[in-house]
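Residue numbers run from 1 in the order of the sequence given. Just follow the structure's listing: the first ligand is 1, and inside any ligand the first atom is 1.
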Amino acid sequence: MKTVIHLDTRNSSYIINVLPTGELLNLHYGRRLRRMEDYYPLQPKNHIPYGDMIYTDPKQPYIGLDDQCLEYSGLGRGDFREPAIELSFSDGSITTGFLYNSHRSYKGRTGIPGLPSALGGENDCETTEIELCDNEKRLVLTLYYCVYHDCDVITRFASLKNNSGSHVNLRRMMSAQLDLFDHDYSFTTFDGCWACERNRNDRVLRTGIYVNDSKTGTSSSRHNPFVMLIKNNCDEQQGVCYAFNLIYSGCHSEICEVTYQGKTRLLTGINPSSFNWVLEAGESFFTPEAVLCYSDGGLNQLSQNLHDFVNNYIVRGYWQKRERPVLINNWEATDFDFNQAKLIKLAKEAASLGIELFVLDDGWFGKRNNDKSSLGDWYVNEKKLPEGISGLASEINKLGLMFGLWVEPEMINEDSELYRSHPDWIIHTPGRKPSYGRNQFVLDLTLPEVRRFISDTMAQVFSQAKIQYIKWDMNRNLSDMYSGALSPERQGEFMHRYVLGLYEILEELTARFPEILFESCASGGNRFDLGMLCYMPQTWTSDNTDAYTRLSIQGGTSYGYPLSTMGAHVSASPNMQTLRNTPIETRFNVASFGVLGYELDLTVLFHFDKAAIKEQVKFYKKHRRLLQFGRFYRLSEPLDKDKVLWLCVAEDKKTAIAGLFQGSAKVGLGYDVLRTDGLEDKELYKVSGRKQYISVKAFGNLVNRVLPVKIRGDGVVHTMLSSRYMFGMVKESYQAGGDLLNNCGIKLIQQFSGTGYNENIRILSDYGSRLYIIASMEE
Ligand code: DGJ
């Protein structure tokens with residue numbers, strides 16, 4: 001058959017053909033290829049069967065599906081690998097055979113009923129729809145390919161229309177399948193747990209089946225839906241790699257199978273585990289959208305393409321590409337223990353330091369003085385806030401700050417008025433005691449009355465004052481899966497219907513409050529995904545605010561998500577989650593590669609910290625477009641947390657900011673090199689260290705070695721001095737061409753190494769760091 005569908009992005013091509021037996025075949029997904037008269041060289045040439053091969057057409061006895069690169073596989077016709085679609089029919093049969101029928105292409109794209117999808121007008125993308133039919137069962141499968149030319153992204157989703165006259169059970173329907181002709185890849189996933197999300201995990205592929213999935217009801221901190229296939233010699237700067245993500249916030253699955261014949265299959269979509277959707281006659285089912293990206297320029301280029309894609313086509317509305325405000329959040333400062341006076345005091349301090357947005361976190365409603373009660377009772381606690389949210393917000397506004405509020409609308413405490421009046425609204429399995437998580441239950445979003453309640457109540461909450469920011473939290477995973485709205489045969493729809501219910505609520509609220517900046521949160525980063533980002537431009541990256549741990553969390557997250565989406569806060573030291581002490585400047589330097597916030601009690605800080613914060617906020621505001629939307633590069637070894645080098649380059653390449661972070665200090669290894677990427681080779685740059693300070697307390701008894709005056713180490717004077725004295729880090733300034741910076745890097749002045757101190761020594765010490773501003777000399 002001659003049908004060839006050839007899709008091109010700027011640097012990649014995706015080529016599909018039809019097998020003589022009618023199945024869709026993947027001929028190529030990789031480097032861009034010119035269009036050809038004849039695609040014969042790319043076609044598989046099968047002229048002899050394998051010993052145990054199944055074939056579907058006696059006229060084509062050499063074509064067995066098991067060893068072809070297929071576009072979308074089913075069960076029962078001899079492809080024994082993991083399928084993309086698995087159905088069972090009312091007669092009990094499970095075999096499917098979807099054969100090519102037609103295709104059409106058009107500019108722009110369509111949305112996906114009930115699900116968020118990437119944006120895309122006529123000038124942004126082009127769509128190809130391929131229609132396949134199972135003629136025996138009269139099912140129509142449509143595969144959608146949306147080509148985002150400039151960012152080298154192709155998105156895919158699928159729909160199934162049931163014309164069979166009776167119901168069909170969908171046991172599995174993935175968003176995309178990609179079969180590659182080779183297998184020398186690592187399957188890279190981003191794994192973790194609460195407070196330790198999205199750590200890069202490379203598994204070198206061998207023959208076998210690998211699964212990355214979530215069964216929590218969320219996209220999860222355990223295994224993010226973003227995965228990569230990385231050629232074995234690929235690194236940050238060069239090499240071949242593929243990325244896959246899902247615009248979806250629920251249980252997902254990415255299955256990677258490598259056959260003994262050396263082919264690789266990657267599937268991504270809704271998790272088939274506990275999924276069973278009843279598709280009635282005449283109905284259609286749509287999968288979530290998958291995002292595919294290819295790069296042969298290494299992982300940084302892959303990430304940058306994805307960052308462009310997210311900033312342009314996922315994040316939308318008023319805040320798309322708008323600089324995000326620097327916030328103060330009271331959670332780690334006060335916990336549940338606050339009143340209006342305390343909050344105003346915190347806000348005053350924040351305003352004096354240049355912070356722009358005050359966020360009131362958990363504990364403002366019902367009788368919520370701890371996490372045991374009141375979720376669901378979304379009216380203000382007047383004991384804490386006698387003037388209500390509106391009174392507090394207007395006081396905050398008077399200080400020149402915007403006001404933001406925390407909510408957790410999907411949840412309910414047993415100890416709440418809502419629970420007492422609607423105990424049946426929680427997710428529970430009839431006849432079983434439901435499990436607890438953080439003393440709370442999850443509301444059953446498959447019930448229309450629950451969705452109505454949440455939308456209406458939240459609309460009231462958001463309208464009670466001038467609220468410019470909402471943190472939408474979600475602090476437990478789903479258990480006791482069962483829907484009060486569905487018949488027993490349909491319970492396999494529950495997990496997906498929960499997410500559809502959530503999206504329905506978010507559609508309504510974000511349309512009604514288009515200028516509110518929403519930040520999504522789920523015990524930190526338990527729902528950091530493209531689905532939530534379609535509604536909420538930023539996500540609370542992790543409950544772990546320890547700067548050192550954040551290097552791997554934010555570093556891991558950066559592979560698939562841009563800095564503009566990552567909430568990153570400076571918190572107190574020792575850190576609340578790790579008890580680690582890190583310098584205030586490092587806490588800022590790490591958080592500045594994200595959307596900056598502060599989350600500590602500013603009212604108890606010494607002058608030293610406040611003065612440092614004031615300068616940090618000023619610096620961040622000056623460079624925030626670059627730090628939130630610049631081209632981001634990882635320049636260090638992926639798993640080496642002990643020396644991390646990050647870089648953000650402005651679009652015009654005139655400015656850049658680099659961050660050099662150190663784990664533990666090592667004498668003799670203090671020779672750091674500041675390398676860049678993406679600067680203009682011909683341009684001359686000035687490189688200067690950001691003005692940073694160290695507390696003289698850090699020197700302990702050695703303080704007399706760095707100060708001209710003699711004081712007793714750790715004595716009263718030393719302590720008093722450390723609270724006020726801004727001991728400046730050595731001034732670093734270099735000049736170099738972009739060619740030198742990109743290729744060799746600047747050898748920075750030596751680190752402190754135990755034999756004395758002078759003004760040419762960099763002190764980083766444990767968890768030390770430095771930001772460098774790189775500016776074109778022509779500016
Ligand atoms: C979990 C979030 O991740 C925290 O930032 C905080 O908002 C708490 N919930 C409040 O309960």
Check if R438 has a non-hydrogen atom at a distance under 4.0 Å from any atom of ligand 1.
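It does, in that a heavy atom of R438 comes within the 4.0 Å cut-off of ligand 1.
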Which residue and non-hydrogen atom of the protein lie closest to [atom], and at what distance in Å?
atom: atom 9 (N) of ligand 1; value: D473 OD2, 2.8 Å
atom: atom 5 (O) of ligand 1; value: K471 NZ, 2.8 Å
atom: atom 11 (O) of ligand 1; value: D362 OD2, 2.7 Å

Let me know which of D543, L600, T545 forms a side chain to side chain contact (heavy atoms under 4.5 Å, CB included) with E332.
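Only one option passes, and that is T545.
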Interfacing atoms of ligand 1 (cut-off 4.0 Å, heavy-atom, [X]):
X: W540; value: 3 (O), 5 (O)
X: S523; value: 3 (O)
X: C521; value: 2 (C), 3 (O)
X: G524; value: 3 (O)

Could you check whether Q662 and D642, counting side-chain N and O atoms only, form a donor-acceptor pair closer than 3.5 Å?
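Short answer, no.
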Go through the side-chain N and O atoms of R550 and Q554 and say whether any donor and acceptor fall under 3.5 Å apart.
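Yes - a donor-acceptor pair under 3.5 Å links their side chains.
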Answer whether the closest heavy-atom distance between the side chains of L596 and H569 falls below 4.5 Å.
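The answer is no, as the side chains (C-beta and beyond) never meet within the 4.5 Å cut-off.
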Student check: side-chain heavy atoms of V407 and D473 closer than 4.5 Å:
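Not in contact.
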Tell me which one of N526, N475, D361, D543 gets a heavy atom nearest to atom 10 (C) of ligand 1.
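Heavy atom nearest to atom 10 (C) of ligand 1 belongs to D361.
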Return the CG to CG distance between L626 and L563, rounded to the nearest 0.5 Å.
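L626 CG to L563 CG: 9.5 Å, rounded to 0.5 Å.
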Quick one: is the NZ or CZ of R512 closer than 6.0 Å to the six-membered ring centre of F462, and within 45° of its axis?
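Cation-pi check for R512 and F462: fails.
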